[in-house]
Amino acid sequence: MNAYIDQHKDRFINELIELLKFPSISADSAYSQDVLNTAEAIKVALKNAGCDSVEICETPGYPIVYGEKIIDSNLPTILVYGHYDVQPADPIELWDSLPFEPVINKTDIHPEGAIFARGASDDKGQVFMHVKAMEYMTVNGELPCNVKFMIEGEEEIGSTSLSWFVERNQDKLANDIILISDTGMISNSQPSITTGLRGLSYVEVEVTGPNRDLHSGLYGGAVANPINILTKMIASLHDENNHITIPGFYDKVEELSLEERAEMAKAPFSKENYKKALDIEEIYGEKGYTTNERNSIRPTLDVNGIWGGYTGEGAKTVIASKASAKISMRLVPNQDWKEITNLFKSHFESIAPKSVKIKVTPHHGGQGYVTPIDTIGYRAASKAYQDSFGIVPIPQRSGGSIPIVALFEKELKSKTILMGFGLDSDAIHSPNEHFGIFNYLKGIETIPLFYKYFTEMTLE
Ligand code: BES
Ligand code: MN
Ligand code: MN
């Protein structure tokens, strides 16, 4: 490991632990002051790391923390993006320690320890790698190019204010490449660079039957039960091969060539370990595709929440007046999220029996993204990983979504490189989220190497 990082690693870990204590939950307005305090803490950290100017940029929602160090306008500029907001911590009872009181524990995958806290991996820990990499470069006189930081507070709720901000600040944000650490890699012994993200369409549906809850004996069998109807409608959205049945849903899906699929299949994957890690007897999914294809290059439809009727203790014989569900569709490049949202809405309305009323409410969404690998950005990142890990990283398409990446390309006309250091086992969005100390420090070590190679290759 690099001597400076080795010497300062305990402080780097403690500073991250302090940042993780802020409950910056953007989805829950009860935490709005904490979200604002987190922005302030990021601003101070960027200043201390050597940014010449830092500011809290107000938006209609949560602010964006912006910082920069411009050393020479003839040199390339890297724009670092990340988010300081986190997902809600519930169900809190499933955490082994409190979500905003970080602890370090060893795990099988992380024998040198991992920091357990909400946001440890997604995305405060990964944002902080960039802050500490910046400190390393400025203290050691190794910053080779200009750098801009843009850290937002609404990623987990759809980045609405960031779109607003990016559209209004094209000049301020001008850059040669956007660098993001908000994804994962295959494993600590096989680094990978994320080359794709899925898009997203998120909708809520409500089925209304009778105008009030009814006695299920007096009315049962004679009126439509919204929960029965909703579950039947949802079940019909997949056929026996687990294909999605919405007409037109697959029309624009990019089909990968057999060569590309064969290339993907080279990434190490153990079905047995996968099943063991999740405690499942068998894998599941769309016919004709492997697990790694199902969760990256194929679109999906999943119910994320469903409610209605009586769920308290004991039994209550009732037919609820309403039933609802939240549904997310992960999309692949070329599928347009607004178009898919409309297809969903028309189809869902069309399959409802006359005995119920249907309401479909679209939430947020975004486009998918694929990055080419024949770019300076990818080659520089690859070289950086080779230096720090001693292994050539594999390109890997991820199933997750960062909808703002497609918008960056449209508004700022630059490509994004996704250098994520998390692991699937980090339990992001789940109880016991954690980030390996190894991953955190490797990130801090790899990032300056990327700056160096990217600058060299750009100037060549
Ligand atoms: N960092 C994640 C996305 C991610 C994680 C991508 C791991 C690839 C690998 C991000 O914070 C996130 O959670 N995105 C949301 C979408 C957003 C619109 C709420 C998601 O993917 O569910
Ligand atoms: Mn994230
Ligand atoms: Mn997230």
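Every number for a ligand or one of its atoms is a count from 1 in the order of the listing. Atoms considered below: every heavy atom in the structure, side chains included; atoms not considered: hydrogens, waters and symmetry mates.
Only the side chain of P403 comes within 4.0 Å of ligand 1, counting heavy atoms alone; its backbone N, CA, C and O stay farther away. When heavy-atom distances to ligand 1 are checked against a 4.0 Å cut-off, S398 comes that close only through its side chain, counted from C-beta outward. With a 4.0 Å heavy-atom cut-off, ligand 1 is reached by the side chain of D122 but not by its N, CA, C or O. Contacts of I428 with ligand 1, taken as heavy-atom pairs under 4.0 Å, involve the side chain alone.
The salt bridge (charged side-chain N to carboxylate O under 4.0 Å, His left out) search around K452 returns none, not counting sequence neighbours. In terms of the salt bridge (charged side-chain N to carboxylate O under 4.0 Å, His left out) criterion, E93 has no residue partners (sequence neighbours excluded). For the salt bridge (charged side-chain N to carboxylate O under 4.0 Å, His left out) test, residues two or more places apart in sequence or in another chain that qualify with R11 are E15, E135.
E152 and Y81 form a side-chain donor-acceptor contact under 3.5 Å, judged by distance and modelled atom types alone. Side-chain contact, S163 with E167: no donor N or O sits under 3.5 Å from an acceptor N or O.
Close approach to H83 involves these atoms of ligand 1, each under 4.0 Å from a residue heavy atom: 11 (O). Residue D182 approaches ligand 1 through these ligand atoms, each under 4.0 Å from one of its heavy atoms: 1 (N), 2 (C), 3 (C), 4 (C), 5 (C), 6 (C), 10 (C), 11 (O).
Atom OH of Y31 is surrounded by 12 or fewer heavy atoms from other residues, nucleotides or ligands within 6.0 Å. Within 6.0 Å of NZ in K172 there are more than 12 heavy atoms belonging to other residues, nucleotides or ligands. Within a 6.0 Å sphere centred on NZ of K275, other residues, nucleotides and ligands contribute more than 12 heavy atoms.
Listing protein N, O or S atoms at distances below 2.8 Å from the Mn ion (ligand 3), with waters left out, gives D122 OD2, E156 OE1, E156 OE2, H429 NE2.
For the pair K442 and F389, the cation-pi test (distance below 6.0 Å, angle within 45°) is passed.
For atom 22 (O) of ligand 1, the nearest non-hydrogen atom from the set R330, E156, E155 comes from R330. Nearest-residue assignment for atom 3 (C) of ligand 1 (options S401, G199, G196; heavy-atom criterion): S401.
With hydrogens left out, the protein atom closest to atom 6 (C) of ligand 1 is G400 CA, 3.6 Å, a heavy atom.
With F421 as the fixed residue, the ring pair (Phe, Tyr, Trp, His ring centres under 6.0 Å) test singles out one of Y440, F438, Y385, F128: Y385.
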